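Notes follow the structure.
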Amino acid sequence: MEKAAVQEDGLLIPLIDFSKFLNGSPTQKVETAKAILTGFQTAGFIYLSNLPIPSSTITDAFRRSAQFFRLPATTKESLAWSTPEANRGYSSPGREKVTNLTTTADVSALRTSIPDIKESLEIGRDDEPGHPNHWPSEEEAEADNELAGFRQAMTSFFADLAGLHQSVMRAIAVGMNLPSETHFDRFVDDRDNTLRLLHYPAVRRDVFAINPGQVRAGEHTDYGSITLLFQDQRGGLQVQSPSGAFVDATPIEGTCVVNAGDLLARWSNDTIRSTVHRVVEPPRREGGEEEAGETYPARYSIAYFCNPNFKDFIEAIPGTYTTEADKKYEGIYSGEYLVQRLKATYA
């Protein structure tokens with residue numbers, strides 16, 4: 001029986017020891033894979049512990065992220081996000097509005113009335129032709145010790161997370177009893193993923209009181225296959241329960257929160273759930289730091305948005321349907337689908 005990371009209002013998000021899939025006995029491997037699949041099928045979210053990535057690597061990524069966001073606004077703006085096709089670069093507070101709305105007009109209206117309180121840096125694979133990452137210049141890195149080694153560290157971290165993505169997809173394949181554990185390998189080997197560094201700036205507490213609809217990141221589902229999320233200890237992430245209420249996904253040190261995205265839900269013919277989530281005002285804690293003063297401290301998180309290779313055609317996985325009429329979605333190319341969603345997000 002897996003431990004529960006979150007259990008409230010009918011929502012159970014399991015806490016799963018991933019080392020048992022990677023290094024356990026054959027029985028432990030299958031049991032862990034089944035637990036991972038069940039978590040995605042019921043909650044759409046899981047927590048993984050005992051990751052194959054050293055904690056020091058994750059700590060260093062957070063440190064470097066904070067250093068980046070302390071740069072002058074003019075420096076960050078020079079690296080600005082450009083197009084949905086590239087999906088790389090810096091987004092200033094209010095630039096992106098995450099939502100499940102799909103029309104340009106609706107997203108723009110929501111962005112104007114309730115902008116997200118966050119800034120981010122999107123990093124893609126560093127070898128995609130025509131879409132270079134927006135790195136600080138070598139001159140800036142040499143002049144600022146805080147930027148030294150930033151590109152190398154983030155490129156290395158990107159590769160580590162690509163490996164974790166492949167391993168989680170292998171667990172899904174085992175859990176689904178697909179013919180091969182490596183079923184999804186050929187769909188993820190291009191590493192068409194996005195590493196997002198996120199900074200939710202310090203914000204006055206009364207901002208949330210004045211505007212009850214204000215959030216740090218709006219209600220949304222993720223677009224791709226899975227998302228690997230590392231969060232600091234501030235809190236604020238919430239996941240929608242079966243009743244429609246939002247439940248705190250409390251940070252657990254040493255874990256990665258993993259959620260299924262819309263493309264994996266389509267791929268699985270909706271046997272896997274892509275669950276709505278958001279980032280809101282931090283929860284109040286007795287005697288905690290957030291209880292003092294007029295301002296909530298900054299929050300940092302790192303998300304790695306995993307996708308099938310952009311060139312791959314995604315349609316219902318065999319075994320998730322009986323006849324062609326059972327397929328809930330038409331097939332679509334991964335890259336085409338993601339650009340459609342990003343165009344609405346940044347409209």
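None of the values given here were measured: they were computed from a predicted structure.
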Worksheet item: Does a side chain donor of either Thr320 or Asn269 reach within less than 3.5 Å of an acceptor in the other side chain?
Response: no

Discussion item. Please check: side-chain N/O of Ser241 versus main-chain N/O of Leu11, any donor-acceptor pairing under 3.5 Å?
Written reply: no

Practice prompt. Verify, without hydrogens or angle tests, whether Ser65 (side chain) and Ala61 (backbone) share a donor-acceptor contact under 3.5 angstrom.
Written response: no

Practice prompt. For the pair Thr255 (side chain) and Tyr47 (backbone), establish whether a donor and an acceptor sit closer than 3.5 Å, ignoring hydrogens and angles.
Written response: no

Practice prompt. Answer yes or no: is there a donor N or O on one side and an acceptor on the other, between the side chain of Arg273 and the main chain of Thr42, under 3.5 Å?
Written response: yes

Worksheet entry | Given Asp192, Asp312, Asn307, the one that forms side chain to side chain contact (heavy atoms under 4.5 Å, CB included) with Phe187 | Asp312

Discussion item. Quick check with a 6.0 Å cut-off and a 45 degree axis cone: is Arg278 positioned over the face of Phe246's six-membered ring?
Written reply: yes

Worksheet item: Is there a donor-acceptor pair under 3.5 Å between the side chain of His134 and the backbone N or O of Ala80?
Response: yes

Worksheet entry | Donor-acceptor contact present, side-chain Asn259 to main-chain Gly44, <3.5 Å | no

Worksheet entry | Any donor-acceptor N or O pair under 3.5 Å, side chains Thr221, Asp262 | yes

Worksheet item: Can you check side chain to side chain contact (heavy atoms under 4.5 Å, CB included) on Phe158 and Asn133, steps first, answer last?
Response: CA-CA 12 Å; Phe158 186 102; Asn133 281 310; over 6 Å; no

Discussion item. Could you check whether any side-chain N or O of Arg234 sits under 3.5 Å from a backbone N or O of Ala298, counting only pairs where one atom can act as donor and the other as acceptor?
Written reply: yes

Practice prompt. Side-chain contact test, heavy atoms from C-beta onward, threshold under 4.5 Å: evaluate it for Gln231 versus Arg299 and give yes or no.
Written response: yes

Practice prompt. State, yes or no, whether a side-chain contact exists between Arg266 and Ile332 at a heavy-atom distance under 4.5 Å.
Written response: yes

Which donor-acceptor pairs under 3.5 Å do side chains of residues 161-168 form with protein atoms, sequence neighbours excluded?
{"from": "Ser167", "atom 1": "OG", "to": "Gly163", "atom 2": "O", "distance (Å)": "3.2"}

Worksheet item: Who are the salt bridge (charged side-chain N to carboxylate O under 4.0 Å, His left out) partners of Glu330, not counting sequence neighbours?
Response: none

Worksheet item: By salt bridge (charged side-chain N to carboxylate O under 4.0 Å, His left out), which residues pair with Asp190, not counting sequence neighbours?
Response: Lys311

Response to the item:
Ile13 and Ile46 have their tightest heavy-atom pair at CG2-CA, 3.7 Å

Worksheet entry | Contact check, side chains of Leu15 and Ser49, non-hydrogen atoms, under 4.5 Å | yes

Worksheet item: Taking all atoms of both residues into account, what is the closest heavy-atom pair of Thr275 and Gln240, and its distance?
Response: CG2-O, 3.5 Å

Worksheet, complete the sentence: Residues at least two apart in sequence or cross-chain that pass side-chain hydrogen bond (donor to acceptor under 3.5 Å, both in side chains) with Tyr304, listed by chain then number, are Asn193

Practice prompt. May I ask you to decide if Ala153's main-chain N or O and Ser156's side chain share a donor-acceptor pair within less than 3.5 Å?
Written response: no

Discussion item. Suppose we screen for salt bridge (charged side-chain N to carboxylate O under 4.0 Å, His left out). Which residues come up paired with Arg170, at least two apart in sequence or across chains?
Written reply: Asp185

Discussion item. To the nearest 0.5 Å, what is the distance between CG on Leu197 and CZ on Phe157?
Written reply: 8.5 Å

Worksheet entry | Residues Arg196 and Glu122 bridged, charged N to O under 4.0 Å | yes

Worksheet item: Pick from Phe69, Phe62, Tyr90: which one makes a ring-ring contact (aromatic ring centres under 6.0 Å, His included) with His199?
Response: Phe69

Worksheet item: Which atom pair, heavy atoms only, marks the closest approach of Pro308 to Ser334?
Response: O-OG, 2.9 Å

Fill in: Any Asp232 side-chain heavy atom under 4.5 Å of Pro251 side chain
no

Worksheet entry | With Glu31 via salt bridge (charged side-chain N to carboxylate O under 4.0 Å, His left out) - residues at least two apart | none

Worksheet entry | Tyr329 and Asp270 side chains, donor-acceptor separation under 3.5 Å | yes

Discussion item. Any non-hydrogen side-chain atom of Glu119 less than 4.5 Å from a side-chain atom of Ser92?
Written reply: no

Worksheet item: Looking only at side chains, do Ser19 and Asp17 share a donor and an acceptor under 3.5 Å apart?
Response: yes

Discussion item. Around atom NZ of Lys20, are there more than 12 heavy atoms from other residues, nucleotides or ligands closer than 6.0 Å?
Written reply: no

Worksheet entry | 4.5 Å side-chain heavy-atom contact, Pro282 and Arg216 | yes

Discussion item. For a quick test of reading the model, state the closest non-hydrogen atom pair linking Ala260 to Ser274 and the distance between them.
Written reply: O-OG, 3.5 Å

Worksheet item: Do Ile58 and Ile302 belong together in a cluster built from hydrophobic side chains that touch within less than 4.5 Å?
Response: yes

Discussion item. For Leu229 versus Ala303, what's the shortest heavy-atom pair and its separation?
Written reply: CD1-CB, 4.1 Å

Discussion item. Quick check against the 3.5 Å criterion: does Asp60 have a side-chain atom that pairs as donor or acceptor with the backbone of Thr57?
Written reply: no

Fill in: Asn87 and His131: side chain donor to acceptor below 3.5 Å
no

Discussion item. Tell me the closest heavy-atom pair linking Glu315 and Trp267, and the distance in Å.
Written reply: O-CD1, 3.1 Å

Practice prompt. Could you check if a side-chain atom of Asp248 sits within less than 4.5 angstrom of a side-chain atom of Val6, using non-hydrogen atoms only?
Written response: no

Worksheet entry | Neighbour count above 12 (heavy atom, 6.0 Å) for Tyr321 OH | yes

Worksheet item: Does Ile272 share a hydrophobic cluster with Met169, counting links as ILVMFWY side-chain heavy atoms below 4.5 Å and allowing steps through other members?
Response: yes

Worksheet item: Do we see a donor-acceptor contact under 3.5 Å between the side chains of Ser25 and Thr27?
Response: no

Worksheet item: Hey, is CZ on Arg186 packed in by over 12 heavy atoms from elsewhere, all under 6.0 Å?
Response: no

Worksheet item: Side chain of Arg88, backbone of Thr194: donor and acceptor closer than 3.5 Å?
Response: no

